[in-house]
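A quick write-up on the structure given underneath.
Start at 1 and go down the list; that is how both ligands and their atoms are numbered. Here, residue 1 is the first one in the sequence, and each next residue gets the next number. As a basis for the values below, the full set of heavy atoms in this structure was taken, side chains included, without hydrogen atoms, waters or symmetry mates.
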Amino acid sequence: MSDIGNNAGTVDAGDTRTHELRGRLARVRDRIAEATIAAGRVEGPRLIVVTKFYPAADVRRLAGLGVEDVGESRDQEASGKAAELVELPLRWHFIGQLQSNKAKSVARYAHSVHSIDRPQLADALAKAVALEQEQGGRSPLECFVQVNLDDDADGHRGGALPSDVGMLADKIESAASLHLAGVMAVAPLGGDPDAAFEKLAGIAAQLRASHPHATGISAGMSQDLEAAVRFGATHLRIGSDILGSRPAVG
Ligand SMILES: *Cc1c(COP(=O)(O)O)cnc(C)c1O
């Protein structure tokens, strides 16, 4: 068993868990490199290691292994870890569904939010980040519009309808404290990831036509990173293939 419950304060670079994470991280990096070459791409995507459900000690281990970007999906968990690890040079990416009343908290630690799916959330984040900027300075929040790729409208994995992406992009662009990074999606469960990410690539291209700097495509998880790289993902969000499997919820 892994010693994932360890205190985050001290991490021995030679411990069993660090060894395990090093191996898993190397295998994922190899997969990304192979997929990048296979896609004929010059530049590979950025790897965001999704650390939800795993303790701050693991995030510290990953930072020691060269990880610079971590992803979290619940504010309570993320804010605690970010506070505990504040001295580490990490970028925290918020990737889960987000209630507007959590915007203030997220604005304190997040480099980016990948899950903007409604105008009220963009408004709340704009206000909260602007306040942080007044009080001590922080860079604008990188914002991805999350798109629902399910064909049936009641898709349960979150996201705005493709037809609402332009409106949300304009909303983000109108706020000085927010920076429009691009689009994000989760491939529908049980569907063909190639079809999903091809659709997302089309939506991203359409967005770039009106917002040329919004070049980000956040797509690809442990199961489907190769498909995501094939269709132009610039940010991968990989959890279980690096950290291990999680409880079913979340
Ligand atoms: C948990 C999560 C991931 C990571 O998924 P894995 O299958 O563990 O790689 C990526 N994106 C989102 C939005 C998530 O919630």
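Geometrically, ligand 1 and R237 share a nitrogen or oxygen pair separated by less than 3.5 Å. Considering backbone and side-chain N/O of G239, one or more are found under 3.5 Å from N/O of ligand 1. Between K52 and ligand 1, a contact under 3.5 Å exists for at least one N or O pair. Distances between N or O atoms of D241 and those of ligand 1 include no value under 3.5 Å.
Close contacts of ligand 1 with M184, meaning ligand atoms under 4.0 Å from a residue heavy atom, involve 13 (C). Taking a cut-off of under 4.0 Å to the non-hydrogen atoms of I238, the atoms of ligand 1 that pass are 9 (O).
Pairing each heavy atom of H211 with each of A169, the nearest pair is NE2-CB, 3.8 Å.
Screening residues 161-194 for ring-ring contact (aromatic ring centres under 6.0 Å, His included) gives H179-H213 as the qualifying pairs, with residues at least two apart or on separate chains.
Using a 3.5 Å distance cut-off with no hydrogens or angles, the side chains of T18 and R61 do pair a donor with an acceptor. In summary, the side chains of S112 and R91 do not present any donor paired with an acceptor at a separation below 3.5 Å, with no hydrogens or angles considered.
Counting heavy atoms closer than 4.0 Å to ligand 1, residue R246 contributes side-chain atoms (C-beta onward) but none from N, CA, C or O. Counting heavy atoms under 4.0 Å from ligand 1, residue Q146 does not touch it at all.
With I172 as the fixed residue, the side chain to side chain contact (heavy atoms under 4.5 Å, CB included) test singles out one of S177, C143, P119: C143.
By heavy-atom distance, the residue among T51, I48, I95 lying nearest atom 13 (C) of ligand 1 is I95.
Counting only distance, with no hydrogens or angles, the side chain of E77 and the backbone of F53 share a donor-acceptor pair below 3.5 Å.
Residues forming a side-chain contact (heavy atoms from CB on, under 4.5 Å) with D164 (at least two apart in sequence, or on another chain): A160, L161, M167.
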